[in-house]
Amino acid sequence: IYYLLEVFLMKGRDKNNIKGLDISAWQNNINFASVKKEGIKAVIIKATEGIKFVDKRLNEHYVGASKEGLKIGFYHFMSDKTSPKEQARDFWNAIKNKKFHIIPVLDIERETMGRSKTEVTNRCLEFLKEFKALSGYECIVYTYTFFAMSKLDSRLKSYPLWIAHYGVNTPGNNGIWKDWVGFQYTDKGKI
């Protein structure tokens with residue numbers, strides 16, 4: 001059985017780097033033993049989106065990945081329509097009783113409200129500061145190259161970056177970060 005999973009890899013595409021997956025409710029019946037056998041070491045699981053939305057497979061994915069001893073992280077998909085502080089609270093409440101090895105991730109890749117770079121970044125900072133106040137953890141910021149260039153500003157550069165840029169060996173210039181902790185190079189990975 002093949003699963004369509006998004007794949008990330010640290011730094012650039014290099015066989016010596018850690019391989020991992022990000023997964024959500026879109027991926028079901030994952031055989032985590034097969035994932036591990038394929039050399040995947042880490043799984044970042046979608047926990048929440050917006051407010052009052054917990055991914056329906058959060059616990060299923062968490063239990064499956066945990067049983068195989070995979071390194072686990074969680075991400076929150078930020079809504080551009082609801083309060084960043086409420087989103088941070090919901091995210092922390094969804095993961096605070098779970099064990100994780102990768103610091104939490106703020107996924108920011110959508111803006112449909114016509115906000116400027118300053119306004120979008122203000123919302124990200126509001127989320128990040130609230131999450132830190134609640135949990136004590138900084139977050140990794142996940143985005144894709146074009147979104148970073150067009151909708152984010154340099155006030156986020158102190159946060160670690162997980163960058164998506166498909167079909168290349170090294171991500172392109174994002175306008176803010178010169179380095180990254182994760183590089184998602186495809187959304188067509190199959191295990």
Side-chain angles (χ1 to χ4, degrees), residues 1-11 13-79 84 86-109 124 127-128 130-144 159-164 166 180-191:
I1 296 176
Y2 291 89
Y3 301 99
L4 185 61
L5 302 170
E6 295 188 27
V7 180
F8 72 88
L9 184 68
M10 302 308 199
K11 301 296 177 198
R13 293 182 74 174
D14 182 314
K15 64 180 179 160
N16 296 316
N17 293 331
I18 297 169
K19 282 193 174 182
L21 307 173
D22 87 283
I23 57 176
S24 69
W26 293 104
Q27 292 82 36
N28 58 14
N29 300 316
I30 296 173
N31 181 330
F32 286 99
S34 293
V35 167
K36 185 175 180 178
K37 194 179 287 185
E38 288 289 323
I40 303 298
K41 305 264 189 238
V43 178
I44 299 182
I45 302 165
K46 181 176 182 181
T48 52
E49 180 174 334
I51 58 171
K52 298 184 173 124
F53 178 91
V54 175
D55 189 275
K56 70 182 181 182
R57 299 201 194 287
L58 169 62
N59 287 325
E60 172 189 328
H61 289 158
Y62 174 69
V63 168
S66 295
K67 282 182 181 175
E68 292 303 322
L70 297 168
K71 301 294 182 196
I72 294 174
F74 299 103
Y75 75 93
H76 171 78
F77 189 90
M78 188 158 182
S79 165
E86 285 182 55
Q87 292 184 61
R89 286 191 288 270
D90 282 359
F91 183 37
W92 178 237
N93 286 334
I95 68 170
K96 68 183 179 184
N97 295 318
K98 293 176 173 32
K99 183 178 179 180
F100 51 91
H101 311 92
I102 301 164
I103 63 173
V105 178
L106 170 62
D107 178 340
I108 177 71
E109 56 181 292
C124 290
F127 176 100
L128 293 162
E130 180 70 8
F131 191 83
K132 170 85 183 228
L134 294 167
S135 69
Y137 291 101
E138 298 285 350
C139 286
I140 294 170
V141 172
Y142 169 90
T143 194
Y144 60 95
Y159 293 90
L161 173 67
W162 172 15
I163 191 74
Y166 301 154
W180 50 88
V181 296
F183 168 34
Q184 185 167 330
Y185 58 87
T186 186
D187 63 351
K188 306 266 187 276
K190 293 183 180 181
I191 303 293

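The first residue of the sequence shown is numbered 1, and numbering continues consecutively from there.
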Nearest 0.5 Å please: distance from the [atom1] atom of [X] over to the [atom2] atom of [Y].
{"X": "Ile163", "Y": "Ile140", "atom1": "CD1", "atom2": "CD1", "answer": "12.5 Å"}
{"X": "Glu60", "Y": "Asn29", "atom1": "CD", "atom2": "CG", "answer": "6.5 Å"}
{"X": "Ile72", "Y": "Ile45", "atom1": "CD1", "atom2": "CD1", "answer": "5.0 Å"}
{"X": "Glu68", "Y": "Ser34", "atom1": "CD", "atom2": "OG", "answer": "8.5 Å"}
{"X": "Gln87", "Y": "Phe53", "atom1": "CD", "atom2": "CZ", "answer": "12.0 Å"}
{"X": "Lys132", "Y": "Glu138", "atom1": "NZ", "atom2": "CD", "answer": "4.0 Å"}

Closest contact, heavy atoms only, [X] versus [Y]:
{"X": "Ile108", "Y": "Cys124", "value": "CG1-SG, 3.8 Å"}
{"X": "Phe100", "Y": "Pro104", "value": "CE1-CD, 3.8 Å"}
{"X": "Cys139", "Y": "Pro160", "value": "O-CD, 3.5 Å"}
{"X": "Gly50", "Y": "Ser79", "value": "CA-CB, 3.6 Å"}
{"X": "Ile102", "Y": "Ala42", "value": "CD1-CB, 3.8 Å"}
{"X": "Leu58", "Y": "Ala47", "value": "CD1-CA, 3.9 Å"}

Looking only at atom types and distance, does a side-chain atom of [X] sit under 3.5 Å from a main-chain N or O of [Y], one as donor and one as acceptor?
{"X": "Glu130", "Y": "Phe127", "result": "no"}
{"X": "Lys46", "Y": "Asp55", "result": "no"}
{"X": "Thr48", "Y": "His76", "result": "no"}
{"X": "Tyr142", "Y": "Glu109", "result": "no"}
{"X": "Asp22", "Y": "Ile44", "result": "no"}
{"X": "His61", "Y": "Ile30", "result": "no"}

I want to check something: taking the side chain as every heavy atom from C-beta on, are [X] and [Y] in contact at a cut-off of under 4.5 Å?
{"X": "Tyr144", "Y": "Tyr166", "result": "no"}
{"X": "Ser135", "Y": "Lys96", "result": "no"}
{"X": "Asn93", "Y": "Leu134", "result": "no"}
{"X": "Tyr62", "Y": "Ile95", "result": "no"}

With Lys67 as the cation and Phe32 as the aromatic partner, state whether NZ or CZ is under 6.0 Å from the six-membered ring centre and within 45° of the axis.
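Negative - Lys67 is either too far from the ring of Phe32 or too far off its axis.
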
Pair Glu49-Asp107, side chain to side chain contact (heavy atoms under 4.5 Å, CB included): steps then yes or no
CA-CA 9 Å; Glu49 180 174 334; Asp107 178 340; over 6 Å; no

I'd like to know whether NZ of Lys71 has more than 12 heavy-atom contacts from other residues, nucleotides or ligands below 6.0 angstrom.
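Atom NZ in Lys71 is not crowded, with 12 or fewer foreign heavy atoms closer than 6.0 Å.
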
Starting from the C-alpha separation in whole Å, work towards a yes-or-no answer on side chain to side chain contact (heavy atoms under 4.5 Å, CB included) for Asp90 and Val54.
CA-CA 8 Å; Asp90 282 359; Val54 175; over 6 Å; no

Is the gap between the ring centers of Phe131 and Phe91 under 6.0 Å?
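Centroid separation for Phe131 and Phe91: below 6.0 Å.
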
